[in-house]
Amino acid sequence: MVSIGQVVIGVDDMRRAVRFWSQALHYIPRSGAVTDDWTILDPVNGLGTPLALDVSVSPVQEHPRMHLDLFTENALEHAAEIERLIALGAQKVDWDLYPADPDFTVLADPEGNRFCVIDLSHG
């Protein structure tokens, strides 16, 4: 039986990606190591899936086949997290696939990788 060991994101600038995702998720580089081509980030408290950053030459996809979903508990937390992530360098994406009453907001990290912030209380 297999399980998800970590999630890998392709990046252009390792140091910039490490800064953003470390602050966004409250993760730290494994063993304090940040290399130019591969870095694994672990949750500070040890709970959660590691995030690996891998230098990639492929372009960012406008509608990626895979992406991260970050969960918030309610609308107030959702709004606060959107603001916090934007302050860290994320950008809102002009997403053309939103449903009529979305429970999520699409953002892009400083590398342009899309991810969603989801309000779990939305229903």
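One-based numbering along the sequence shown.
By the criterion of side-chain heavy atoms lying less than 4.5 angstrom apart, applied directly or through intervening Ile, Leu, Val, Met, Phe, Trp or Tyr residues, M14 is grouped together with F115 in one hydrophobic cluster. Residues V8 and V11 do not share a hydrophobic cluster, clusters being chains of Ile/Leu/Val/Met/Phe/Trp/Tyr side chains in contact below 4.5 Å. The same ILVMFWY cluster, assembled from side-chain heavy atoms under 4.5 Å apart, contains both F104 and V93. Residues L88 and I86 share a single hydrophobic cluster, defined by chaining ILVMFWY side chains whose heavy atoms lie under 4.5 Å apart. Residue V18 is grouped with residue V7 when hydrophobic side chains (ILVMFWY) are merged at heavy-atom distances under 4.5 angstrom, including chains of intermediate members.
A 4.5 Å side-chain heavy-atom check between D13 and R15 finds at least one atom pair inside the cut-off. Between T49 and I4, the closest side-chain pair of non-hydrogen atoms falls below 4.5 Å. Annotation: side chain of W21 is in contact with side chain of L68 (closest heavy-atom distance under 4.5 Å). Within the 4.5 Å cutoff, the side chain of S22 has no heavy atoms near those of the I28 side chain. By the 4.5 Å heavy-atom criterion applied to side chains, I40 and D42 are counted as neighbours. Taking 4.5 Å as the limit, some side-chain heavy atom of L70 sits within range of a side-chain heavy atom of L25. With contacts defined as side-chain heavy-atom distances shorter than 4.5 Å, the pair S56/D12 does not qualify. Counting only heavy atoms from C-beta outward, the side chains of I82 and L107 approach each other to under 4.5 Å.
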task = Test V106 against Y98 for side-chain contact (heavy atoms from CB on, under 4.5 Å), laying out the working first.
result = CA-CA 9 Å; V106 180; Y98 277 121; 3.8 Å; yes
request  = Determine, stepwise, if the pair R30 / L41 fulfils side-chain contact (heavy atoms from CB on, under 4.5 Å).
outcome  = CA-CA 6 Å; R30 183 172 289 172; L41 302 175; over 6 Å; no
key: Verdict with supporting geometry, Q6 and L51, side-chain contact (heavy atoms from CB on, under 4.5 Å)   = CA-CA 6 Å; Q6 63 192 14; L51 180 67; over 6 Å; no
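Taking all atoms of both residues into account, the shortest heavy-atom contact from P110 to G89 is CG-O, 3.7 Å. The shortest heavy-atom contact between N113 and G10 is ND2-O, 3.0 Å. For the residue pair G5 and P50, the shortest heavy atom distance occurs at O-CD, 3.2 Å. Of all heavy-atom pairs spanning D119 and S121, the tightest one is OD1-OG, 2.7 Å. In this structure, Q61 and P64 approach most closely via the heavy-atom pair OE1-CA, 3.2 Å. Between V44 and H26, the shortest heavy-atom contact is CG2-O, 2.9 Å.
Atoms CG and CG, on D37 and L53 in that order, are 11.5 Å from each other to the nearest 0.5 Å. In this structure, the separation between OG1 on T72 and CD1 on I118 is 8.5 Å, given to the nearest 0.5 Å. Interatomic distance, CD1 of I9 versus OG1 of T39, reported as 12.5 Å (0.5 Å rounding).
A donor-acceptor pair shorter than 3.5 Å cannot be found between the side chains of N74 and H122.
L85 pairs in a side chain to side chain contact (heavy atoms under 4.5 Å, CB included) with only one of the listed residues (D109, T105, V117), which is V117.
Formation of a donor-acceptor pair under 3.5 Å by the E77 side chain with backbone atoms of E73 is found in this model.
For Y27, there are no ring-ring contact (aromatic ring centres under 6.0 Å, His included) partners, not counting sequence neighbours.
Applying the ring pair (Phe, Tyr, Trp, His ring centres under 6.0 Å) definition to pairs two or more places apart or across chains, those involving residues 31-85 are H63-W95.
Within a 6.0 Å sphere centred on CG of D94, other residues, nucleotides and ligands contribute 12 heavy atoms or fewer.
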